Amino acid sequence: QVQLVESGGGLVQPGGSLRLSCAASGSIFRISVMGWYRQAPGKQRELVAVIFSGGTTKYADSVKGRFTISRDNAKNTVYLQMNSLKPEDTAVYYCNADIRLTIVAGPKDYWGQGTQVTVSS
C-alpha cells in the first residue's frame, strides 16, 4: 500500500515562509512526476508546482518567483519552499505523485491527505 504523508503546514504572517514536505512510502518501483496542488474554500483544486524525475519544474503563474519545488529521489520525497507568502496563498495543500509499483505496472495517481496553510496577520 502506497501512502503520501505531508507535513509542514501551519499559520504564518504575510511575507513569511513555510516549507512543506511529502514522503511516499510503500512498495514503490519508480516515481515519475511529483507535485503540489492547493484548494481554497469555495474554489477548485489548482496546480501549484510539479517536478519531473529529471528535475524539470513547472509553476503556476501566481507562485513563480516565490515558491520552489524540489525532490529527493532517494527518499521519495518532494518539498515546497514557500516564501513571501500572501493571504491568497491560504489553502489546503495536497501532494500528488505518479507512481509505478512494479516494472511492468503502469503509473497510478496518488494523493496525500492535505495540509492546511494559513497566511494571516
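All of these numbers come straight from a predicted model, not from anything done at the bench. By convention here, the first residue in the shown sequence is residue 1.
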Would you name the heavy atoms of [X] and [Y] that are closest together and state the gap between them?
X: V12; Y: G16; answer: CG2-CA, 3.8 Å
X: A97; Y: L4; answer: N-CD1, 3.9 Å
X: A24; Y: I28; answer: CB-CD1, 3.8 Å

Rounded to the nearest 0.5 Å, how far apart are [atom1] of [X] and [atom2] of [Y]?
X: S7; Y: R19; atom1: OG; atom2: CZ; answer: 9.0 Å
X: D72; Y: T77; atom1: CG; atom2: OG1; answer: 6.0 Å
X: N73; Y: R30; atom1: CG; atom2: CZ; answer: 10.5 Å
X: L11; Y: S121; atom1: CG; atom2: OG; answer: 9.5 Å
X: T115; Y: L80; atom1: OG1; atom2: CG; answer: 11.0 Å
X: S25; Y: K75; atom1: OG; atom2: NZ; answer: 14.5 Å

Pairs flagged by disulfide bond (SG atoms under 2.5 Å apart) wherever residues 55-90 is involved - sequence neighbours left out: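 As it turns out, there is no disulfide bond (SG atoms under 2.5 Å apart) pair with a partner in residues 55-90 once direct neighbours are skipped.
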message: Strictly by disulfide bond (SG atoms under 2.5 Å apart), give each pair with a member in residues 14-98 just once, sequence neighbours left out.
response: C22-C95
Determine whether [X] and [Y] fall in the same hydrophobic cluster, where Ile, Leu, Val, Met, Phe, Trp and Tyr are linked whenever their side-chain heavy atoms lie under 4.5 Å apart.
X: V33; Y: V78; answer: no
X: F67; Y: W36; answer: yes
X: M34; Y: L101; answer: yes

message: Is the shortest side-chain heavy-atom distance between P14 and P87 below 4.5 Å?
response: yes
field: Within-4.5 Å side-chain heavy-atom neighbours: Q81 and S70
entry: no
Basic-acidic side-chain contact under 4.0 Å: K64, D61: yes
Between side-chain atoms of residues 40-52 and protein atoms elsewhere (two or more places apart, or another chain), which donor-acceptor pairs fall under 3.5 Å?
from: E46; atom 1: OE2; to: R38; atom 2: NE; distance (Å): 2.7
from: E46; atom 1: OE2; to: R38; atom 2: NH2; distance (Å): 3.3

query: Among all residues two or more places apart in sequence or in another chain, which pass the side-chain contact (heavy atoms from CB on, under 4.5 Å) test with V117?
result: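 With sequence neighbours excluded, V117 shows a side-chain contact (heavy atoms from CB on, under 4.5 Å) to L18, L20, M82, Y93, V119, given in chain and number order.
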Stepwise side-chain contact (heavy atoms from CB on, under 4.5 Å) check, V92 with Y37: CA-CA 8 Å; V92 178; Y37 292 71; over 6 Å; no
message: Quick one about S17 and N83 (side-chain donor to acceptor, distance below 3.5 Å, no hydrogens or angles considered), yes or no?
response: yes
task: Determine whether the side chains of Q116 and T118 contain a donor N or O and an acceptor N or O closer than 3.5 Å.
output: yes
query: With distance as the sole test, does S62 use its side chain to make a donor-acceptor pair with the main-chain N or O of A60 at under 3.5 Å?
result: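 It does not hold such a pair.
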query: Under 3.5 Å, side chain of Y59 to main-chain N/O of I69, donor-acceptor pair present?
result: yes
Apart from I103 itself, residues in the same hydrophobic cluster as defined by side-chain heavy atoms under 4.5 Å: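 So far as hydrophobic clustering goes, I103 is joined with F29, V104.
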Report all side-chain donor-acceptor pairs from residues 106-114 shorter than 3.5 Å, counting only partners two or more places apart or in another chain.
from: D109; atom 1: OD1; to: N96; atom 2: ND2; distance (Å): 2.9
from: D109; atom 1: OD2; to: N96; atom 2: ND2; distance (Å): 3.4
from: D109; atom 1: OD2; to: W111; atom 2: NE1; distance (Å): 3.3
from: Q113; atom 1: NE2; to: E6; atom 2: OE1; distance (Å): 3.4

